[in-house]
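Down below is the structure, laid out as C-alpha cells.
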Amino acid sequence: SRTSSSRSPSSPTPSPEQIPANGRLFFVRKGRLEPATTKLQPVLDSVEEALLVALFQGPRSAETSTEIPEGTRLNGVVVVNGIATVDVSTDFELPADPRSQALRIAQVVYTLIDPTTGIRSVRFQIDGVDQVAIGGAQLGTIPGPVDRDDYVRFAPRGEKRTAA
C-alpha cells in the first residue's frame, strides 16, 4: 500500500465515500424494469445508500412507476464481499399481488447490482431481521442472497441474463 506524505488542508477524519452526481435506478414500465438516470444526494455515506434513498423517493417521470410502497424507509445498507444487506422498514412488505411484490424486490436488486458498485447479490432485512420472503414473494430459489438472474423475467427489454 502507498502512503502519502503530502499534507492536505482537509480534516484528518476519513471522508465519506465519493458519491457520484448521478445513479442508475430501476423503475417499472409496462410490467418490466426500466433504467433511469437520477441525481443522487451527495450528503449520504455510501453510493449504495444514495441509490436506495433515490429509488425509494420514486420515479421522476410520468412514464414510469414504482412497486416500492410509499413510506418505505432505508434503515441501512452494508456491503461485505459483494453481498449487500439491505435493511428496510416494514412498509416494504405491505400486501400486494405476487408480481408486484417480486417487482419491488427486483427494483432494489437491479439498482444495487451494477459493475460500478461491485455488488453481486442482495440480502434483505425488515427492521434488522433477515428475510427469506417479502410478503408473499419468496426471495430467490433458495433462502439467501438474490441476484439479477432471480428476477430476469422483469429485466429491461433487450437486457440478457448475466453469465453465472
Side-chain angles (χ1 to χ4, degrees), residues 1-29 32-89 91-92 103-131 134 139-140 144-152 154-156 158-164:
S1 72
R2 227 171 56 150
T3 56
S4 172
S5 59
S6 66
R7 294 183 183 196
S8 96
S10 64
S11 68
T13 57
S15 63
E17 188 179 325
Q18 186 64 41
I19 307 293
N22 296 300
R24 192 164 169 237
L25 310 179
F26 286 84
F27 293 108
V28 179
R29 183 177 185 180
R32 297 184 78 99
L33 295 172
E34 173 93 3
T37 300
T38 304
K39 189 169 177 54
L40 299 178
Q41 296 177 32
V43 296
L44 299 168
D45 293 332
S46 69
V47 173
E48 298 80 27
E49 184 182 2
L51 288 167
L52 291 175
V53 165
L55 180 67
F56 291 176
Q57 287 172 349
R60 313 290 188 283
S61 94
E63 291 88 48
T64 57
S65 62
T66 184
E67 292 297 334
I68 296 168
E70 194 175 334
T72 297
R73 289 181 330 278
L74 177 67
N75 295 328
V77 57
V78 177
V79 178
V80 178
N81 297 327
I83 300 172
T85 299
V86 177
D87 184 3
V88 292
S89 63
D91 297 303
F92 192 76
L103 262 168
R104 79 177 59 149
I105 296 163
Q107 283 184 253
V108 172
V109 168
Y110 270 74
T111 294
L112 286 180
I113 296 176
D114 186 89
T116 62
T117 63
I119 295 170
R120 296 184 311 276
S121 60
V122 180
R123 203 176 251 131
F124 284 86
Q125 294 181 334
I126 303 285
D127 289 337
V129 178
D130 289 324
Q131 302 295 304
I134 302 285
L139 291 173
V146 291
D147 61 27
R148 284 185 170 195
D149 286 346
D150 291 301
Y151 299 94
V152 74
F154 301 124
E159 193 165 300
K160 301 283 184 252
R161 187 185 252 282
T162 56

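When reading the values below, keep in mind they use all heavy atoms of this one structure, side chains included, and skip hydrogens, waters and symmetry mates. This one's a predicted model, so the numbers in the text were calculated from it and none came from an experiment.
With contacts defined as side-chain heavy-atom distances shorter than 4.5 Å, the pair Val79/Leu112 does not qualify. Taking the side chain as every heavy atom from C-beta outward, Pro145 and Arg123 approach each other to under 4.5 Å. Contact of the Phe26 side chain with the Pro156 side chain is registered, since non-hydrogen atoms from C-beta on lie closer than 4.5 Å. Residues Phe124 and Val109 have side chains in contact (heavy-atom distance under 4.5 Å, counting atoms from C-beta outward). Contact annotation: the side chain of Ile19 never approaches that of Gln41 to less than 4.5 Å [non-hydrogen atoms, C-beta and beyond]. For the pair Phe27/Leu55, a side-chain contact is recorded, criterion being any heavy-atom separation below 4.5 Å from C-beta on. Annotation: side chain of Arg148 is not in contact with side chain of Val152 (no heavy-atom distance under 4.5 Å).
In this structure, CG on Leu51 lies 7.5 Å from OG1 on Thr117, to the nearest 0.5 angstrom. Annotation: the span from Leu40 atom CG to Leu52 atom CG amounts to 10.5 Å, rounded to 0.5 Å. Atom CD of residue Gln125 and atom OG1 of residue Thr85 lie 6.0 Å apart, to the nearest 0.5 angstrom. Atom OG of residue Ser89 and atom CG of residue Leu74 lie 9.0 Å apart, to the nearest 0.5 angstrom. Here the straight-line distance linking atom CG of Leu25 with atom OG1 of Thr37 works out to 8.0 Å at 0.5 Å rounding. For the atom pair Asp114 CG and Ile119 CD1, the distance stands at 9.0 Å (nearest 0.5 Å).
Counting only distance, with no hydrogens or angles, the side chain of Gln131 and the backbone of Val129 share a donor-acceptor pair below 3.5 Å. Remark: the backbone N or O of Gln107 is paired with a side-chain donor or acceptor of Thr111 at under 3.5 angstrom. Side-chain atoms of Arg29 do not come within 3.5 Å of backbone N or O of Thr64 as any donor-acceptor pair. In terms of modelled atom types and a separation under 3.5 Å, the side chain of Arg60 and the main chain of Thr38 share no donor-acceptor contact. A donor-acceptor distance shorter than 3.5 angstrom exists from the side chain of Arg120 to the backbone of Asn81, with no hydrogens or angles considered. Using a distance-only test at 3.5 Å, with no hydrogens or angles considered, a donor-acceptor pair links the side chain of Arg104 to the main chain of Phe92.
Partner of Ile126 under the side chain to side chain contact (heavy atoms under 4.5 Å, CB included) criterion, out of Val88, Asn75, Val86: Val88 alone.
Shown here for Val47 and Gln18, the closest heavy-atom pair between the two residues is CG2-O, 3.8 Å.
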Checking side chain to side chain contact (heavy atoms under 4.5 Å, CB included) for the pair Leu103/Thr66: CA distance, chi angles, key distance, verdict? CA-CA 9 Å; Leu103 262 168; Thr66 184; over 6 Å; no
